[in-house]
Amino acid sequence: MNPIIDSPKPRTNSNKRELLFTFQSIIVTGLLAFTAIAFFFYFDLTIVKGIKIIFAPFLSVVPLLFILSILRDLRKGFKEGNYTKDEIIRFCLITVGITIAFTGITFLLAKIEALEILLAAIMAILSAVFFLRSKIKDILGMSIITGIAEGIIVYMIFLF
Amino acid sequence: MKLKQVNTAFIITIGVSVVVFVYLVFLGYDEIKTLKDVIKIIASILFPIPMLFFVRFLLIEHFLPKNTDEYKRKNQKPAILLLIVTMIISVGSMQLIEYFTQQKLEDHLIFAHLINSTTISSYVLNYILYNNLKVNGILSGVLLSLAIHVFFITS
């Protein structure tokens with residue numbers, strides 16, 4: 001019928017899923033940076049102790065690198081076929097739950113008054129995202145990352 | 001060809017969102033007063049994108065039906081019906097909400113942005129990837145009713 005459409009696919013579904021997962025984690029990283037900048041300018045945060053701001057990222061980045069180096073992959077990777085209805089419902093519920101949780105966490109972030117603590121908190125979340133990105137390559141990781149992104153956005157729209 | 005479509009889908013979705021964003025910002029320029037408004041508008045534009053990625057992640061298989069004459073003929077009537085029904089329902093419900101809360105949609109630009117960007121993004125995604133004519137009808141109805149509401153009904 002149509003030779004162009006029916007040509008063999010060079011890329012598999014799991015590759016496509018991995019690409020989407022990478023995009024999603026890039027979006028979350030951007031959103032977290034956006035949150036930090038927005039809070040910084042809006043609340044006029046001050047740097048209380050200069051030395052702390054240099055060491056804030058190390059607090060979470062060092063454990064992350066250590067864990068990444070010693071841990072093997074937790075999940076087998078992305079599935080090739082379709083997900084069943086039960087799985088879809090379950091992971092959508094997880095996403096909604098994480099969204100609500102992260103709306104609350106962003107609300108708590110807005111209460112922070114010093115820039116170095118905000119930076120440390122954001123770096124901690126970012127490390128968690130990178131951990132999910134590199135070790136839990138699965139639908140679970142995808143739903144958690146989506147939940148984080150949506151939670152931040154929901155806070156920004158409705159509560160900020 | 002198919003793969004190319006898949007990859008362009010998201011780029012076009014994001015592109016349309018950005019264009020709509022810039023356009024709306026110019027449109028409602030005098031209503032943006034503080035940094036807070038800007039942040040809220042950016043957030044409402046970004047809102048659909050992670051969700052779209054998630055949906056695409058779940059529904060990776062193609063549901064792209066062959067765009068044949070038969071498929072179109074079969075779905076023409078339900079699609080038109082859904083378009084009209086959705087339009088009437090959306091315009092009516094927006095009128096009701098405005099009547100009951102005594103507030104105008106224009107005073108709450110965030111919600112207009114939110115509905116607009118979500119609908120446009122899913123419209124583009126549906127059009128390129130899934131080509132479901134009934135969903136097309138519903139989304140067109142929502143967009144049309146939003147346009148009618150802003151353009152004709154509120155003065």
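Letters A, B, ... are given to chains in the order of the sequence lines, protein chains preceding strands, and every chain is numbered from 1.
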Peer 1: Could you look at Tyr155(A) and say if it's the side chain, the backbone, both or neither that has a heavy atom under 4.5 Å from chain B?
Peer 2: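 Neither part, no heavy atoms under 4.5 Å.
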
Peer 1: Measure Leu31(A) against the heavy atoms of chain B and call it side chain, backbone, both or neither at under 4.5 Å.
Peer 2: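 The side chain, not the backbone.
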
Peer 1: Select one option (side chain, backbone, both, neither) describing which atoms of Thr95(A) are under 4.5 Å from chain B's heavy atoms.
Peer 2: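 Just its side chain gets close to chain B.
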
Peer 1: Answer yes or no: is there a side-chain heavy-atom contact under 4.5 Å between Phe47(B) and Ile157(A)?
Peer 2: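 Yes, side chains in contact.
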
Peer 1: Has the side chain of Gln24(A) got a donor or acceptor atom that lies under 3.5 Å from a matching backbone atom of Pro50(B)?
Peer 2: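 Flag set: sc Gln24(A) to bb Pro50(B) pair under 3.5 Å.
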
Peer 1: Determine whether Val55(B) and Ile148(A) fall in the same hydrophobic cluster, where Ile, Leu, Val, Met, Phe, Trp and Tyr are linked whenever their side-chain heavy atoms lie under 4.5 Å apart.
Peer 2: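 In one cluster with Val55(B): Ile148(A), yes.
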
Peer 1: Mind listing the closest non-hydrogen atom pair of Lys40(B) and Met156(A) along with its distance?
Peer 2: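 Smallest interatomic distance, heavy atoms only, reads CG-O, 3.3 Å.
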
Peer 1: Is chain B contacted by the side chain of Val28(A), its backbone, both, or neither, given a heavy-atom distance below 4.5 Å?
Peer 2: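 Looking at Val28(A), nothing touches chain B.
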
Peer 1: Please check if Met87(B) and Ile84(B) belong to a single hydrophobic cluster, counting links between Ile, Leu, Val, Met, Phe, Trp and Tyr side chain heavy atoms closer than 4.5 Å.
Peer 2: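 Hydrophobic grouping puts Met87(B) apart from Ile84(B).
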
Peer 1: Verify the cluster assignment for Ile98(A) and Val96(A): are they in a single hydrophobic cluster under the rule of side-chain heavy atoms below 4.5 Å apart?
Peer 2: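 Different clusters: Ile98(A) never reaches Val96(A) through Ile, Leu, Val, Met, Phe, Trp or Tyr contacts under 4.5 Å.
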
Peer 1: So how far is it from Phe41(A) CZ to Ile39(B) CD1, rounded to the nearest 0.5 Å?
Peer 2: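 These two atoms lie 10.0 Å from each other.
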
Peer 1: A side-chain contact here means heavy atoms from C-beta on lying under 4.5 Å apart; do Glu150(A) and Met51(B) qualify?
Peer 2: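 Of all side-chain heavy-atom pairs linking Met51(B) with Glu150(A), at least one is under 4.5 Å.
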
Peer 1: What residue among Thr146(A), Ile145(A), Ile27(A) forms side-chain contact (heavy atoms from CB on, under 4.5 Å) with Phe53(B)?
Peer 2: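 By the side-chain contact (heavy atoms from CB on, under 4.5 Å) criterion, Phe53(B) pairs with just one of Thr146(A), Ile145(A), Ile27(A): Ile27(A).
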
Peer 1: If you count every heavy atom of other residues, nucleotides or ligands that lies below 6.0 Å from Phe43(A) atom CZ, does the total exceed 12?
Peer 2: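 Counting neighbours around CZ of Phe43(A), more than 12 heavy atoms of other residues, nucleotides or ligands fall under 6.0 Å, so yes.
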
Peer 1: Do Ile80(B) and Ile89(B) land in one hydrophobic cluster if side-chain heavy atoms of ILVMFWY residues count as linked below 4.5 Å?
Peer 2: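 Per the 4.5 Å side-chain linkage, Ile80(B) and Ile89(B) are not co-clustered.
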
Peer 1: If two hydrophobic side chains count as joined below 4.5 Å and joins carry through other members, does Ile26(A) share a cluster with Leu20(A)?
Peer 2: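 No, because Ile26(A) and Leu20(A) fall into different hydrophobic clusters, even though each may have its own neighbours under 4.5 Å.
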
Peer 1: Would you say the side chain of Tyr83(A) lies within less than 4.5 Å of the side chain of Phe57(B), judging by non-hydrogen atoms?
Peer 2: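 Yes, close enough: below the 4.5 Å cut-off.
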
Peer 1: To check you understand the geometry: which heavy-atom pair defines the closest contact between Phe54(B) and Met142(A), and what is its length?
Peer 2: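 Where Phe54(B) meets Met142(A) most closely, the heavy atoms are CD1-CG, 3.8 Å.
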
